[in-house]
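Here is the naming used below: chain letters follow the sequence lines, and residue numbers restart at 1 for every chain. Keep in mind it's a predicted model, so treat the numbers as computed, not measured.
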There are 2 protein chains.
Amino acid sequence: MAVYLDYNATAPIRPEAREAAMCALDIGGNPSSIHANGRLARAAVEQARGEVAGLVGASPEGLTFTSGGTEANALAITSAIAAGAKKPIVLMTEHDSTLNTATASVLWTEAWPVSADGVADLDWLRDRLKTWRKEDGAPFAAMSLANHETGVIQPVAQAAAILHEAGGWLHVDAVQAAGKIAVDFRALGADTLSLSGHKLGAPQGVGALIAAPRAKLQRRQFGGGQERGLRAGTENLSGVAGFGAAASAALRDLPFVEDQSQWRDAAAERLQSESAFVAGEAALRLPGTLCVVTDGWDSQLQVMTLDLSGVMVSAGSACSSGKVTASHVLAAMQMAGMNATARFSGQMLTAMKSAGLTGGFGLRASGGWATVEDDWVQFADAWIGAHARHAQRRKVA
Amino acid sequence: MAVYLDYNATAPIRPEAREAAMCALDIGGNPSSIHANGRLARAAVEQARGEVAGLVGASPEGLTFTSGGTEANALAITSAIAAGAKKPIVLMTEHDSTLNTATASVLWTEAWPVSADGVADLDWLRDRLKTWRKEDGAPFAAMSLANHETGVIQPVAQAAAILHEAGGWLHVDAVQAAGKIAVDFRALGADTLSLSGHKLGAPQGVGALIAAPRAKLQRRQFGGGQERGLRAGTENLSGVAGFGAAASAALRDLPFVEDQSQWRDAAAERLQSESAFVAGEAALRLPGTLCVVTDGWDSQLQVMTLDLSGVMVSAGSACSSGKVTASHVLAAMQMAGMNATARFSGQMLTAMKSAGLTGGFGLRASGGWATVEDDWVQFADAWIGAHARHAQRRKVA
């Protein structure tokens with residue numbers, strides 16, 4: 001029996017989401033059409049809007065469906081830039097969709113450092129905003145609620161308070177957190193918050209951006225008047241319906257997922273006794289995410305070895321799978337304490353490497369709604385066995 | 001039994017597409033992951049890429065999956081602009097996704113006129129390119145293979161030859177044509193060609209842009225390295241798989257769909273005998289599309305009346321449903337012969353209206369893969385009955 005511990009790449013579809021997606025496929029109407037089938041399609045979209053907004057305690061009116069988390073992050077960032085942000089502040093451990101959208105959109109992106117455990121440095125933010133120059137436009141910062149590689153949970157509410165005091169806008173990427181821990185849009189104080197369907201058991205290809213009334217969104221995709229004019233193009237009806245059902249199920253199941261940290265920690269302990277290092281161990285983390293770093297054992301090789309034993313995990317984020325690059329998340333954690341207000345230039349990793357920071361390759365195991373204790377036990381068993389064989393080969397060589 | 005003749009808004013899902021979409025939902029892997037489930041997901045994406053490319057005789061290497069036709073059109077247009085096009089030439093009858101992307105991206109969009117039957121004026125294009133100034137950048141034109149409201153099929157190959165002689169780039173929106181008539185990417189000579197899944201029986205929320213090797217695409221969405229770096233974001237796996245299956249089925253069914261014009265024409269004849277006017281009647285048109293204009297009978301009201309009789313059609317394109325605006329497609333046809341090199345400013349309709357061109361409201365009936373002769377008979381019956389009641393009310397009033 002295969003073990004799937006790669007929820008942070010994509011979660012298996014929830015049965016409720018599968019059912020809703022299939023029903024939506026059978027409607028046979030365009031949500032913008034005014035006839036009977038069109039109205040059925042529209043009702044499905046609006047029901048889902050309420051369900052997804054409900055997962056994070058937001059009002060449906062502020063929710064815009066997108067083609068995924070990447071588009072949702074882009075919509076928030078380019079809206080903030082359109083509203084006057086000239087130097088976006090991006091937490092150094094953010095997902096590529098945030099980093100690359102920011103660096104592609106403006107000349108200068110401010111790199112917001114993290115601690116050795118991957119937690120956002122709030123003092124840095126406070127100090128930086130004190131010297132913020134008017135000509136750099138309105139302050140805007142982007143941070144994840146939970147990191148995609150390490151699972152580290154960020155002090156979002158505190159960051160929002162600091163930003164707001166300076167008249168700024170905080171975008172929160174909640175793609176990895178939603179459905180795994182309780183998320184309250186209003187309590188976080190975020191101006192915009194992005195979600196992805198497939199990370200919590202919905203189909204792939206659907207996401208959402210939630211915006212507080214004060215955040216002025218600017219459309220990126222032109223054409224029809226869908227999504228209150230904010231996102232042209234016929235809605236991904238089956239994806240949206242599946243997202244709604246998955247969000248409702250995720251809200252219902254939250255207590256069970258939140259319990260999973262003990263299984264994760266039991267597995268982590270066994271790996272640590274084999275000299276593995278847990279990234280962000282001292283920080284508050286998602287209950288089902290484990291990122292381990294092992295000296296001298298390539299993590300891509302670990303992934304392939306474990307895959308042969310039927311255990312599916314990943315090395316870094318799936319988006320960069322295939323290309324073997326070090327993790328900028330781990331590199332940012334290594335840079336903690338250094339006076340490094342680096343500029344994200346797309347070559348940040350190169351710069352880090354030349355400064356002697358290799359970043360390293362982390363192995364990520366991540367569980368979710370259908371994970372059971374035995375998955376973590378089997379993962380640890382397989383890893384320890386593979387590690388022993390690897391150590392033996394090194395001795396022989 | 002309800003009659004659905006609104007395929008140009010969205011087609012009912014094909015059973016093959018439904019099956020493929022469901023199977024893909026059950027894979028539970030991210031196409032970018034290197035483990036077993038990831039490889040299964042990747043294989044499904046690549047199979048679909050071959051199937052969709054195969055529908056239009058293109059090579060899979062040039063196909064980029066997007067979230068729909070709107071995003072595909074935007075990717076083509078903004079790529080051409082990035083490659084140096086400063087004054088995009090847009091056929092006046094294009095879909096809003098093309099018109100609005102162009103007008104939002106550049107200061108000046110050239111309006112390419114059509115004949116009274118809605119056919120692109122090739123002489124205008126030839127003349128315009130003769131006086132093309134170097135400082136306006138590389139010539140770029142966008143036209144649909146078949147119009148979304150009237151079904152009028154454009155002389156794409158001739159337009160491509162004219163464009164290429166001037167060193168230009170032709171983008172073809174084949175969203176409405178693909179799956180309804182044979183489409184050959186190479187024979188058309190298009191540089192880029194856009195497709196939408198849900199117009200041919202795939203799920204909503206997936207599209208594709210096909211590019212010839214000479215067309216240099218520029219990414220619009222940043223993040224992971226998906227789609228050869230051209231379109232970041234986890235692929236809409238179930239949508240993509242459904243798109244592939246629908247494309248294969250559409251290719252197989254093409255002869256049957258192409259036969260449907262006789263049913264459409266029989267219905268049209270009955271409406272014409274009640275003083276309805278068929279837009280683009282003299283032009284080559286999609287076999288299953290009928291756009292009728294009736295003096296003094298609001299087409300939104302027609303849609304609602306027919307809906308009560310269980311017949312689903314539309315007034316103009318679904319994307320603009322809800323807001324009651326005249327059709328810019330019909331307005332452009334009315335402008336034929338006028339010396340009107342209008343600028344698309346987003347207020348084109350307003351300008352047309354002040355010039356006495358109302359555009360008018362067309363009623364669109366559009367069939368496709370599951371349409372049968374009786375659908376068209378029932379549509380004509382219902383329309384004639386409603387028309388008689390409408391005429392009677394007018395007499396009384």
Verdict with reasoning, Asn30(B) to His198(A), per side-chain contact (heavy atoms from CB on, under 4.5 Å):
CA-CA 9 Å; Asn30(B) 186 318; His198(A) 75 102; 4.1 Å; yes
Apply side-chain contact (heavy atoms from CB on, under 4.5 Å) to residues Asp6(B) and Ser33(A) and explain how you reach the verdict.
CA-CA 9 Å; Asp6(B) 201 11; Ser33(A) 296; 3.4 Å; yes
Is there a side chain to side chain donor-acceptor pair (under 3.5 Å) between Ser67(B) and Arg231(A) once you walk through the steps?
CA-CA 11 Å; Ser67(B) 66; Arg231(A) 204 271 178 187; 3.0 Å; yes
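Shown here are the side chain to side chain contact (heavy atoms under 4.5 Å, CB included) partners of Gln218(A), two or more places apart in sequence or in another chain: Ser79(A), Ala82(A). Listed by chain and residue number, nothing satisfies the ring-ring contact (aromatic ring centres under 6.0 Å, His included) test with Phe65(A) (two or more places apart in sequence, or in another chain).
When all heavy atoms of Leu25(B) and Ala21(A) are compared, the closest pair comes out as CD1-CB, 4.2 Å. Across all non-hydrogen atoms, the minimal contact from Leu237(B) to Gln204(A) is CB-OE1, 2.8 Å. Shortest non-hydrogen contact noted between Tyr4(B) and Asn37(A) is CD1-ND2, 3.7 Å. Closest of all the heavy-atom pairs between Ile34(B) and Asp307(A) is O-OD2, 4.3 Å.
If you tally non-hydrogen atom pairs under 4.5 Å between each of Thr78(B), Asp26(B), Val240(B), Ile27(B) and chain A, the highest count goes to Asp26(B). Of the residues considered (Ala36(A), Gly239(A), Gly68(A)), Ala36(A) shows the highest number of contacts with chain B, using heavy-atom pairs under 4.5 Å. Each of Pro12(B), Ala104(B), Ser238(B) has some count of heavy-atom pairs under 4.5 Å with chain A, and the biggest count is that of Ala104(B). In terms of heavy-atom pairs under 4.5 Å with chain A, the best-connected choice from Thr98(B), Val206(B), Thr101(B) is Thr101(B).
Remark: Thr66(B) OG1 to Gln221(A) CD distance equals 8.0 Å, nearest 0.5 Å. The CG atom of Asp96(B) sits 12.5 Å away from the CZ atom of Phe222(A) when rounded to the nearest 0.5 Å. Taking CD from Glu71(B) and CD from Glu71(A), the interatomic distance works out to 6.5 Å, rounded to the nearest 0.5 Å.
Only the backbone of Val313(A) comes within contact range of chain B, judged by heavy atoms closer than 4.5 Å. Looking at Arg14(A), there are no atoms closer than 4.5 Å to chain B (heavy atoms on both sides), in backbone or side chain. Looking at Asn236(B), the atoms closer than 4.5 Å to chain A (heavy atoms on both sides) sit in the backbone and in the side chain alike. Interface remark: Ala74(A) contributes no atoms to any contact with chain B (heavy atom separation under 4.5 Å). Residue contact with chain B, scored on non-hydrogen atoms closer than 4.5 Å, involves the backbone of Glu235(A) exclusively. Looking at Arg42(B), neither its backbone nor its side chain comes within 4.5 Å of chain A, counting heavy atoms on both sides. With a threshold of 4.5 angstrom between heavy atoms, Arg219(A) does not approach chain B through any atom at all.
Arg18(B) is listed as a side-chain neighbour of Met22(A), based on a closest heavy-atom distance under 4.5 Å.
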